[in-house]
Amino acid sequence: MSQYRAVKGTRDVFPDEITSWNHIEKVIHRVAGLYGFHEIRTPVFEYTELFQRSIGAATDIVGKEMFTFRPEEKGRSITLRPEMTAGVMRAFIQGNLAASSPIHKLYYIAELFRKERPQAGRQRQFSQFGAELIGVSSPEAVAEVIGLMMQVFADLGVTGLRLRMNSLGDVEDRMHYIEALREYLEPHSALLDEHSRERLDKNPLRILDSKNPEIQAIIADAPRLHDFLGASAIEEFEKVLHYLDEKGLSYVIDPLLVRGLDYYCHTAFEVTSSELGAQDAIGGGGQYDGLAKQLGCKSDVPAVGFAVGLERLLITMEKQGLLTHVKQEGPQVYVVLQSHELVAHAVGICDVLRESRIRSVMDLAGRSMKAQMREANKMGASYALFVGQDELQRQVFGLKNLTTSEQEFLSIQQIVERLESSNISSAQ
RNA sequence: GUGAUUGUAGCUCAGUUGGUUAGAGCGCCAGGUUGUGGCCCUGGAGGUCGGGGGUUCGAGUCCCCUCAUUCACCCCA
């Protein structure tokens with residue numbers, strides 16, 4: 001056991017798993033492009049106030065889950081990003097993107113950090129793919145964003161997901177509701193657990209999605225958020241649902257769905273996977289029409305977005321057997337040396353092959369031919385190319401097809417031609 | 001932050017009521033005649049049994065502490 005381990009809640013991704021990641025990322029880039037979204041990258045850390053102001057100082061994320069530090073003793077406090085929306089919005093405002101176009105469609109694949117106790121599907125460093133549509137948050141825009149997210153799942157072959165929808169109304173609706181909820185809960189406060197009691201004045205909405213059955217019983221008779229929504233909010237929400245119907249996306253309306261970030265309003269949604277255990281949210285998002293202004297933007301900038309947990313997506317896909325076919329590509333040629341003294345010739349041959357874009361490897365460890373053949377086989381090489389005294393003298397080398405076991409003797413030039421043509425056919 | 005769980009070779013795990021040089025499978029390395037893989041066979045390397053203390057004639061096996069893991073609460077993607 002090594003003295004040095006990866007930090008708690010972090011992990012290494014080794015080459016055999018990278019192929020799965022590449023596969024997922026490729027689909028994300030393709031689908032995002034299909035919907036006209038452009039990639040954005042922002043710094044991994046931001047000034048701490050950005051998150052306090054956007055996510056909400058009373059939220060758990062900001063309250064106790066952030067990696068915060070002060071690089072200079074008297075300098076400003078900095079935080080490793082616990083989510084992406086705040087940073088993207090900050091960049092949007094700072095870069096004055098609004099000046100170039102009223103609408104911006106951005107997406108990202110990014111590493112995030114949250115100081116939580118690690119558990120299945122929950123790491124301290126994790127990655128999300130997400131999209132932010134900034135400038136409009138009409139029902140069409142909301143539906144497009146949800147459509148993008150669901151199509152990524154669909155294109156990856158993921159099944160059995162549950163999409164839950166809710167409307168939080170506008171800020172005023174919400175204020176009224178929070179008051180009513182607080183009024184209802186106050187008399188029950190003795191029955192609430194410690195967490196919920198604390199939230200009662202800080203963030204009462206969060207009590208709604210508590211997993212504690214006793215609290216759920218109390219919540220059952222609580223006033224409903226839906227009854228506090230204005231007519232326009234209801235109308236908008238129904239339009240969103242209509243678009244989802246049109247797209248053939250199935251969903252359930254969950255009046256208790258509340259998201260943990262303060263900036264959400266109107267439509268909120270979450271996708272859960274039954275393959276996941278306790279941490280079953282694979283993606284979620286909603287509208288955040290007020291965020292830009294909260295961050296100092298002069299004009300109102302409505303927006304919608306979502307984020308998908310890539311580790312959770314990966315776990316789900318693994319459980320559904322969607323990654324077994326994604327394998328690392330083996331080399332086309334494994335150059336087998338008769339003896340290690342000929343190593344310089346093998347280097348030269350590899351150079352020639354690689355110049356012709358033929359993926360080739362050779363043994364660098366000086367192993368026996370048998371070991372080299374075994375490795376070639378294990379790597380999934382298509383051909384073995386034998387280099388020995390005879391070959392070098394005659395300048396004709398044995399090329400063995402490792403699937404058919406057929407072997408022929410060819411010059412390097414002929415070998416290059418042979419493999420280049422197989423390159424072309426495999427590319428098609 | 002709280003609770004529980006586990007911690008023996010690179011990986012997955014066995015290790016009987018505490019008793020001699022700690023095992024298996026897979027993987028790795030080398031062989032199975034003269035320059036050639038996938039199957040099979042043989043051999044080999046590799047572990048201060050997470051770390052520290054204690055009980056005992058004797059501890060991988062019991063006790064305490066510590067570190068780490070995993071799962072759940074919580075939170076969220």
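All chains are named by letter (A, B, ...) in the order of the sequence lines, taking the proteins before the strands, and each is independently numbered beginning at 1.
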Under a 4.0 Å threshold between the charged nitrogen and the carboxylate oxygen, would [Y] count as salt-bridged to [X]?
X	Y	result
A/Glu406	A/Lys400	no
A/Glu17	A/Arg11	yes
A/Glu116	A/Lys64	no

> Would A/Phe386 and A/Phe409 satisfy ring pair (Phe, Tyr, Trp, His ring centres under 6.0 Å), going step by step from the backbone distance to the final call?
Replying inline: CA-CA 9 Å; A/Phe386 295 98; A/Phe409 289 87; 8.5 Å; no
>> Base contacts versus sugar-phosphate-only contacts with protein, heavy atoms under 4.0 Å: please encode nucleotides 26-36 of chain B as B, S and - from 5' to 3'.
In response: --SSSBB--BB
Result block: side-chain N/O donor-acceptor pairs under 3.5 angstrom for residues 265-274 of chain A, not counting sequence neighbours:
residue, atom, partner, partner atom, Å
A/Thr267, OG1, A/Gln287, OE1, 2.9
A/Glu270, OE1, A/Arg259, NE, 3.4
A/Glu270, OE1, A/Arg259, NH2, 2.9
A/Glu270, OE2, A/Arg164, NH1, 3.1
A/Ser273, OG, A/Glu275, N, 3.2
A/Ser273, OG, A/Thr316, OG1, 3.2

>> Set out, in order, the CA-CA distance, both residues' side-chain angles and the distance that settles ring pair (Phe, Tyr, Trp, His ring centres under 6.0 Å) for A/Tyr107 and A/Phe37, then state yes or no.
In response: CA-CA 6 Å; A/Tyr107 78 99; A/Phe37 280 69; 7.3 Å; no
> A/Asp60 CG to B/A77 C1': how many Å, rounded?
Replying inline: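 It works out to 15 Å between those atoms.
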> Within this structure, what is the CG-to-P distance between A/Leu161 and B/A77, rounded to whole angstrom?
Replying inline: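 To the nearest whole Å, that distance equals 16 Å.
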> Using atom C1' of each nucleotide, how far apart are B/G37 and B/U48 to the nearest Å?
Replying inline: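 Roughly 40 Å separates the two C1' atoms.
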>> Is it the case that the side chain of A/Thr48 and the backbone of A/Ile78 share a donor-acceptor pair, with hydrogens and angles ignored and the cut-off at 3.5 Å?
In response: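 Indeed, once roles are kept as given, a pair shorter than 3.5 Å links the two residues.
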>> Please list, in numerical order, the residues of residues 117-135 of chain A that have a heavy atom closer than 4.0 Å to any atom of RNA chain B.
In response: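 Within this stretch, A/Arg117, A/Gln119, A/Ala120, A/Gly121, A/Arg122, A/Gln123, A/Phe126, A/Gln128 sit under 4.0 Å of the strand.
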> With pairs taken as Watson-Crick or G-U wobble and both distances under 3.5 angstrom, which stems of at least three consecutive pairs involve RNA chain B?
Replying inline: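 RNA chain B stems, ordered by first number: B:1-4 with B:70-73, B:10-13 with B:23-26, B:28-32 with B:40-44, B:50-54 with B:62-66.
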>> With ring-ring contact (aromatic ring centres under 6.0 Å, His included) as the rule and sequence neighbours excluded, what pairs involving residues 329-382 of chain A come up?
In response: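 Qualifying pairs: none.
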Set out, line by line, the N/O atom pairs under 3.5 Å between protein and nucleotides 43-47 of chain B.
none

